[in-house]
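Only heavy atoms go into these numbers, but all of them, side chains included; no hydrogens, no water, no symmetry mates. In what follows, chains are A, B, ... by sequence order, proteins preceding strands, each numbered from 1.
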Number of protein chains: 2
Amino acid sequence: MGKNKPQALPGKTVERLSQYRRILYNSIREGKTNIYSHELAKMMNLTPVQVRRDLMLIGYSGSQSKGYVVKDLVTLIGKIIDSDKGQRIIVVGMGNLGRAITSYFSGKREKLSIAAAFDNDLQKTDRIVAGIPCYHINQIKEYVEKEGISIAVLTVSPEATHDVSKKLLEAGIKGILNYTSVPLTVPEDVHLEEYDIVTSLEKLAYLVK
Amino acid sequence: MGKNKPQALPGKTVERLSQYRRILYNSIREGKTNIYSHELAKMMNLTPVQVRRDLMLIGYSGSQSKGYVVKDLVTLIGKIIDSDKGQRIIVVGMGNLGRAITSYFSGKREKLSIAAAFDNDLQKTDRIVAGIPCYHINQIKEYVEKEGISIAVLTVSPEATHDVSKKLLEAGIKGILNYTSVPLTVPEDVHLEEYDIVTSLEKLAYLVK
DNA sequence: TTTATATTGTGAACAAAATATCAACACGAT
DNA sequence: ATCGTGTTGATATTTTGTTCACAATATAAA
Ligand SMILES: NC(=O)c1ccc[n+]([C@@H]2O[C@H](COP(=O)([O-])OP(=O)(O)OC[C@H]3O[C@@H](n4cnc5c(N)ncnc54)[C@H](O)[C@@H]3O)[C@@H](O)[C@H]2O)c1
Ligand SMILES: NC(=O)c1ccc[n+]([C@@H]2O[C@H](COP(=O)([O-])OP(=O)(O)OC[C@H]3O[C@@H](n4cnc5c(N)ncnc54)[C@H](O)[C@@H]3O)[C@@H](O)[C@H]2O)c1
């Protein structure tokens, strides 16, 4: 098993750990108990060296003869990524994208679940949408504080982004996954991940060109 | 205006260029004709140096007194990112996510439009879905060749991913934006961008923890 | 004119990430 | 016992991306 929990893992390594784990779940399902760096690398489209470096960083050691013990590795990655009691997150903006994400997640992960959604459209609030309760945006502070939520997925319309992000910060949210195309600014102690489909597509367009 | 088109721009720079442009469109709409690096930086949450470096790389020069000419900059970024005749792309897998993306895009960009969708669910094929025609996946090669499509957004179910990606490659697709949680392998001459929501969320969970 | 201030453009230093290299080890074959 | 193969773990090197520091320039004010 692993030795000690390092202070700060490189961002890219954390991303890959999440993906290693997903792939390893499949391997377990297929009855695989041990795995070599080159096997894992192939499944992820990486080099074996990269895999070993990542595992080295989390302090996990394999054996030269059998490689890595899949179950132990999954457990260790869980210890690094997951919170002990699991993370409950909220979706803010229950439009097309918000609903797609919510439907996708429902009952998928054990340690990461969508607890509720928020919107300002009265057609959507105070009822179950895509399997989870959807409340009015004005209730967000109360809810977040009561339920101890710290992560929000932001999928409101672009015009509302700044306003709503302010509300998230006021409510005490500590991690925002921003899918609106509007760049956000957050205080130092809040973590922000941004992703924009159009940017990805335009990058592809540039590369293909 | 710009001097000459450099051979290969850093990937991150290309991503930022796409975002500069979106923000600059807003500035134009607000009547702004010139902009300083620090203004653009603030809107994007970057340092002014980073902005200037990016613009340097694309060979665009501003003036010390007026900064950059917004319109010219937008034009130059367009020359770099856009194809002359525009790119028509396809969405493969018309589920929740595919539909969200399609609805979002409809009529949004001039140079980047979703031409058609493909699925294997007969409930969805041979009709208009979310504003665009949806065909059966078996027709994809014919369509792609006839219409000269080179970019595909992949949003099929995880189990179908490998099969469908093979079909995309056979059809001659040169750029794939893969939103399934299954890592893909593609030949050298095909460009691949992958993004996974769960990974982003787990990264956030790690950071917040 | 001279000075102060604000800006761009860029070489150089720095940091992060990916890749290459290799010693040490385990184990089966001989 | 010993060799050959395939593996890990660690260090070194290369590549990619960001930031620093400052020269050059423009403008406005004194
Ligand atoms: N759907 C996509 O593929 C896609 C792609 C790129 C970017 N985006 C961005 O993601 C965001 C959501 O996209 P979408 O397609 O789901 O849009 P959408 O219009 O379907 O959904 C937006 C939702 O936000 C809600 N909303 C608006 N103002 C609000 C407020 N003040 N408080 C709470 N809720 C509010 C609306 O009621 C609506 O339900 C947008 O910012 C869009 O630019 C979406
Ligand atoms: N929705 C999300 O937020 C989300 C998040 C992360 C990952 N993903 C991934 O994105 C993909 C799509 O997600 P979704 O929520 O839209 O799922 P979905 O089930 O709603 O849609 C999948 C679509 O793919 C089609 N399909 C299945 N096999 C096909 C085949 N062989 N050829 C053509 N079409 C086929 C189905 O008919 C369906 O329309 C999945 O791989 C999922 O894991 C989605």
Side-chain N,O (A:His38) to OP1/OP2 (D:dG6) below 4.0 Å
no
Whole Å only: how far is the OH atom of A:Tyr36 from the P atom of D:dT8?
8 Å
Whole-Å distance, A:Tyr60 OH to D:dT7 C1', equals 14 Å
What integer distance in Å separates A:Glu15:CD from C:dA16:P?
15 Å
Please determine whether a side-chain nitrogen of the Lys or Arg among A:Asp82 and A:Arg21 lies less than 4.0 Å from a carboxylate oxygen of the Asp or Glu.
yes
How many whole angstroms separate atom CD1 of A:Ile35 from atom P of D:dG6?
18 Å
Between A:Tyr68 and A:Tyr60, is the ring centroid distance below 6.0 Å?
yes
Going by the angle between their ring planes, with limits at 30° and 60°, are A:Tyr135 and A:Phe118 parallel, tilted or perpendicular?
tilted
With sequence neighbours left out, write down each residue that passes side chain to side chain donor-acceptor pair (under 3.5 Å) with B:Ser27, or none if nothing qualifies.
none
Could you walk me through whether B:Asp54 and B:Tyr20 pass side-chain hydrogen bond (donor to acceptor under 3.5 Å, both in side chains), step by step?
CA-CA 10 Å; B:Asp54 285 334; B:Tyr20 293 146; 2.5 Å; yes
Separation of D:dC20 atom P from B:Leu46 atom CG, nearest Å, is 13 Å
Protein-nucleotides 16-18 of chain D N/O pairs under 3.5 Å:
unit_1: D:dT18; atom_1: OP1; unit_2: B:Arg16; atom_2: NH1; d: 3.2
unit_1: D:dT18; atom_1: OP2; unit_2: B:Arg16; atom_2: NH1; d: 3.1
unit_1: D:dT18; atom_1: OP2; unit_2: B:Arg16; atom_2: NH2; d: 2.8
unit_1: D:dT18; atom_1: OP2; unit_2: B:Gln50; atom_2: NE2; d: 3.4

Do the side chains of A:Arg109 and B:Glu202 get close enough for a salt bridge, i.e. N-O under 4.0 angstrom?
yes
Less than 3.5 Å apart, any donor N or O on the side chain of B:Thr185 or A:Asn45 sitting next to an acceptor on the other?
yes
Each nucleotide of nucleotides 22-30 of chain D classed B (base within 4.0 Å of a protein heavy atom), S (only sugar-phosphate) or -, in 5' to 3' order, makes ---BSS---
Pairing of B:Glu142 and B:Lys146 as salt bridge, 4.0 angstrom limit
no
Does D:dT7 have OP1 or OP2 under 4.0 Å away from a side-chain N or O of A:Ser37?
no
